[in-house]
Amino acid sequence: MTSTEIWTTASANGIILTLEQLNSLERYAKELVYWNSKVNLISRKDEENIMERHVLHSLSLLKYIDIPKKSRCLDIGTGGGLPGIPLAIASDDLHMLLVDSIAKKIKITGMLASHTGLRNISAIVSRTEDLEKDSKFVNNFDFIFARAVSRIHEIMSWSHNLLKPTGEYVLYKGGDIAEEIDISKGKFPNFNFQIIDIDMVGFPFFLEEEKKIVVISRK
């Protein structure tokens, strides 16, 4: 998809992007493809479809989830900055922390984040479970995002102490996740689980591929 097609599709789904934001997303996508040839950040087969399969996919949650201004957000296993960087570009008042355990990925991701010109994005090398050892991160985040990282209950076991009491997980998943949900409900009975099928007007790919958003909050 071209940038204009991304803008049109996003707009049709209630995701309003300025020209400056669209240009920033396009620049990010081009830089991500360039650096992907040096460090594996996304699947090589998706490089030609990066705007729709990665950038638009990252933004799709904004159709369903209201993220208040100045929310503190954590992107677990961010890789090349997905979904954190596109979300921070589209909602430029968020405080976004990008975390990955692989140093060479975070080095590039930190550079990509800095190129957006946004001051509220930071990137650190860490295992998510190690963040709980730092008191400044405990009960600190309004939202925790993860895209293609791990099973739901594993993500929660690493990070639930980082979430504010009123905070939410917003996890990108695909396919049949019934078993994952059942296991997670058993391990975390004090949480509510909501599954949203991603259905973007004008771009049926996510629905056809059974892409989902799982929203998890404390009861």
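All values below were derived from every heavy atom in this structure, side-chain atoms included, with hydrogens, water molecules and symmetry-related copies excluded. When a residue number appears, it is its place in the shown sequence, counting from 1.
A donor-acceptor contact shorter than 3.5 Å links the side chain of N36 to the backbone of I42. Judged by distance alone, with hydrogens and angles left aside, the side-chain atoms of W7 form a donor-acceptor pair with the main-chain N or O of L17 at under 3.5 Å. With Y169 contributing its side chain and H160 its backbone, the two residues share a donor-acceptor pair below 3.5 Å. In this structure a side-chain-to-backbone donor-acceptor pair under 3.5 Å is present from T18 to Q21. Checked by atom type and distance alone, the side chain of T2 pairs as donor or acceptor with a backbone atom of E5 at under 3.5 Å. The closest donor-acceptor contact from the side chain of T116 to the backbone of L118 lies under 3.5 Å. Side chain of S11 to main chain of T8: no donor-acceptor pair is present (N/O by atom type, distance under 3.5 Å, no hydrogens or angles). Remark: the backbone N or O of Y34 is paired with a side-chain donor or acceptor of S37 at under 3.5 angstrom. Under the 3.5 Å distance criterion, the side-chain polar atoms of S71 are matched with a main-chain donor or acceptor of P68.
Relative orientation of the F203 and F206 rings is perpendicular, given thresholds of 30° and 60° on the angle between their planes.
Closest of all the heavy-atom pairs between I121 and A88 is CD1-CB, 3.5 Å. The heavy-atom pair separating Y172 from H57 by the smallest distance is CE2-O, 3.2 Å.
Across R72, K70, K164, a single residue satisfies side chain to side chain donor-acceptor pair (under 3.5 Å) together with D142, and that is K164.
One side chain, N13 or K63, offers a donor N or O that lies under 3.5 Å from an acceptor on the other. A donor-acceptor contact closer than 3.5 angstrom is absent between the side chains of E168 and S217. A donor-acceptor pair shorter than 3.5 Å cannot be found between the side chains of E180 and H153.
Heavy-atom contacts from other residues, nucleotides or ligands closer than 6.0 Å to NZ of K69 number 12 or fewer. Annotation: W158, atom CH2; neighbour count of heavy atoms from other residues, nucleotides and ligands within 6.0 Å is above 12.
Using a cutoff of 4.0 Å between basic side-chain nitrogens and carboxylate oxygens, R127 and E129 are scored as salt-bridged.
Considering only heavy atoms from C-beta on, K212 comes within 4.5 Å of I177 through its side chain.
Among residue pairs with one or both ends in residues 95-110, none qualify as side chain to side chain donor-acceptor pair (under 3.5 Å); sequence neighbours excluded.
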